[in-house]
There are 2 protein chains.
Amino acid sequence: MSKRATSRDVAEHAGVSRTTVSFVLNNVPGIRISEDTRQRVIEVARQLNYHPDASARRMASGKTKTIGFILRQTPDQVFADHLLPQMLGGVSQAATAQGFHVLFEPITPEDNSGAYVRLIRERHVDGIILSGPRFDDRELLKIHAEGAPVVLVGQLSQTDIPFIDVDNIGGARLATEHLIGLGHRRIALITNASTAYSASLDRLIGFRQALETSGIPYDLSLVRYGQFTPQSGEAAMNELLDMIPRPTAVFVASDVVALGALRAVHKKKLSVPHDIAFVGFDDIPLAESVSPPLTTVRIPAAGLGWAAVDLLTRIIAQEEIRNPKVVLETELVVRASCGAAAGLTHPA
Amino acid sequence: MSKRATSRDVAEHAGVSRTTVSFVLNNVPGIRISEDTRQRVIEVARQLNYHPDASARRMASGKTKTIGFILRQTPDQVFADHLLPQMLGGVSQAATAQGFHVLFEPITPEDNSGAYVRLIRERHVDGIILSGPRFDDRELLKIHAEGAPVVLVGQLSQTDIPFIDVDNIGGARLATEHLIGLGHRRIALITNASTAYSASLDRLIGFRQALETSGIPYDLSLVRYGQFTPQSGEAAMNELLDMIPRPTAVFVASDVVALGALRAVHKKKLSVPHDIAFVGFDDIPLAESVSPPLTTVRIPAAGLGWAAVDLLTRIIAQEEIRNPKVVLETELVVRASCGAAAGLTHPA
DNA sequence: TTGACATGGTAAATCGTGTTAGTAAACCGT
DNA sequence: ACGGTTTACTAACACGATTTACCATGTCAA
């Protein structure tokens, strides 16, 4: 097991200088090297099993070609994040395509030590994507002010930090309008989480907008608040099902919460969509495989990842960004739980 | 926006040498620095907002304090990997605890270019965890032979590469024995995938072992092969339900596949567990939230991550490893789909 | 007095590359 | 024959730390 080969070794064996080795192996444009020398260097490099040292290269070039992907979630939230694989997959696909690596770092929301900003400060990465930014994150504002490349997934009002987000309001409107279009008038809402989360609030707003546009009064007694979990959905749904008269449809602003709600319905021996129609939100991978398959609003999770990487790499490259705030559209995916397929409609 | 502070700047402002700065800031043991000097250095570093450059540090120390987490899956597989968040969460938790960062890199199984081995060769990372190793991966064998720290998640027979795996045989036996214990004799099996995958094969073996131990003949006509997806499970289940007499129970060696099978049952207006009992495998996060909640075999996904990191970091530290092959036990999680809760038993 | 040892540091080598500025030789047109 | 250009390459510095080896001074026991 001899020592690793360095560019110096290659240079010596090929009878050229290190500079030439670097030029050849990096294919530096605008530099003339004879085909003869070029081949010799390449051949020697192969023979010596030469691979340039990443750390040295980073130091010399000043670029790490790495981005940090920070997830502001507790371990429990990470474990139950059904769109994480898509999102992360999108991120690494896009990053790889641009020659970047991805450093993955979850960090609990309570952790205000700003540990993750060290990734930037110590130059582990060229920039970071932060999913689930917090209002009280002073360290984040600081590094952004210092000029560090940062892209948020999710919004942070009051700042000009570039972000990628989903059109939650539009998506919720889509879902609600669909139910209205099927003839429903008594439509309940179960939120995905507390309205302290902007995504939750936006989905509620979209729900309300759709009602108002159709002239249906917004009835607060038909609104319940989920907490990310199926359990919270089940509890909320039980309350709604006990109402007299019952709502004829419900928009659950999260598929995971909707599964709990679905269970509540099944336990009462009621049927979806016949007794109550469902529309969810997120289009998690299993939404189409539960019974009944869930009509839901698709979030382009992988697309969020791509877009975030795309934006971030442009910022890193110091490009002039025309629009640093990107909102991706959602899409209604109609399956069985809303009753549309069955031609079910409700009288006004 | 002035230049970044370097250790030289700190040294000058504090009136000491760079060596001393390094000693103080790294708390190098066995080195004496007066408390006075120490405080001065720390204070100056704070004032100058000094953060050591990761690349320079890597180069000088020869350690990257980073591990690569490689996922040998297609993008589609990644998107539908319901245990990925747990596993990845486990990996980064453990890594963080040991002062390591995690580089995440999915790579399609078809890609035999060995792109990921560059992570090792170019010293981006100190070692790698490879999930889903392939038999035909020559590059993998090569870097292992070269002494690179590698830990597999999943086994590769014929090699002595350290690995972490789940006791698939034992888990399948657990599931099957549970059904047998409930009185079932006509028990079907739907595999999670082709038996070309060792995990699939092992689960089939465990199923068979349980039958044989109880003196129940292994009936090939009761075996169907899933392909990761709910669709494959639905198709398989339809075949099984058409049999006369029907099996009274089925062990589906994957929760995701089981969901499709469940749908098939629902479509035929049959009931679980009354008409047919179910036991799944994996304990994906939604297993407890579907209807009926799925009895299943829990894989300690986060534990796989921890264990892999633990093993890898020991190898990196050149510790003597007593047991480089770790098999984690599974756990049967009894819910409603098997009928145990309802006290349902089947006559022999 | 002297040798040993502890104290509190520092100088200098090293890590392995990228990159700018420069140069020797060959070529070329007149 | 000669100035100018192209070709093909190299010397040397920069990047920012870690780490080994060494040194000056003071103290203390023999």
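A note on names: the letters A, B, ... follow the listed sequences, proteins ahead of strands, and every chain is numbered from 1.
- Salt-bridge annotation for B/R314 and B/D310: present, with a side-chain N of the basic residue lying under 4.0 Å from a carboxylate O of the acidic one.
- If you take NZ of B/K65 and P of D/dT18, they are 14 Å apart, rounded to a whole angstrom.
- In this structure, A/H82 and B/H82 have perpendicular ring planes: the angle between them is above 60°, well past the 30° mark.
- Closest of all the heavy-atom pairs between A/T66 and A/F100 is N-CD2, 3.5 Å.
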- How does each nucleotide of nucleotides 5-16 of chain D score, in 5' to 3' order, for protein heavy atoms under 4.0 Å: base (B), sugar-phosphate only (S), or none (-)? --SBSBBB--BB
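- Here A/S22 reaches the OP1 or OP2 of C/dG18: one of its side-chain N or O atoms lies under 4.0 Å away.
- For the pair B/Q39 CD and C/dG9 C1', the computed distance is 17 Å after rounding to whole Å.
- Between B/S92 and B/V102, the shortest heavy-atom contact is CA-CG2, 4.0 Å.
- As a whole-Å value, the separation of A/L25 CG from C/dT19 C1' is 16 Å.
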Would you be so kind as to tabulate the donor-acceptor pairs closer than 3.5 Å made by side chains of residues 154-162 of chain B, with sequence neighbours excluded?
residue, atom, partner, partner atom, Å
B/Q155, NE2, B/D165, OD2, 3.2
B/T159, OG1, B/L156, O, 3.0
B/T159, OG1, B/I161, N, 3.3

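- Residues B/A308 and B/I129 share a closest heavy-atom pair of CB-CD1, 3.8 Å.
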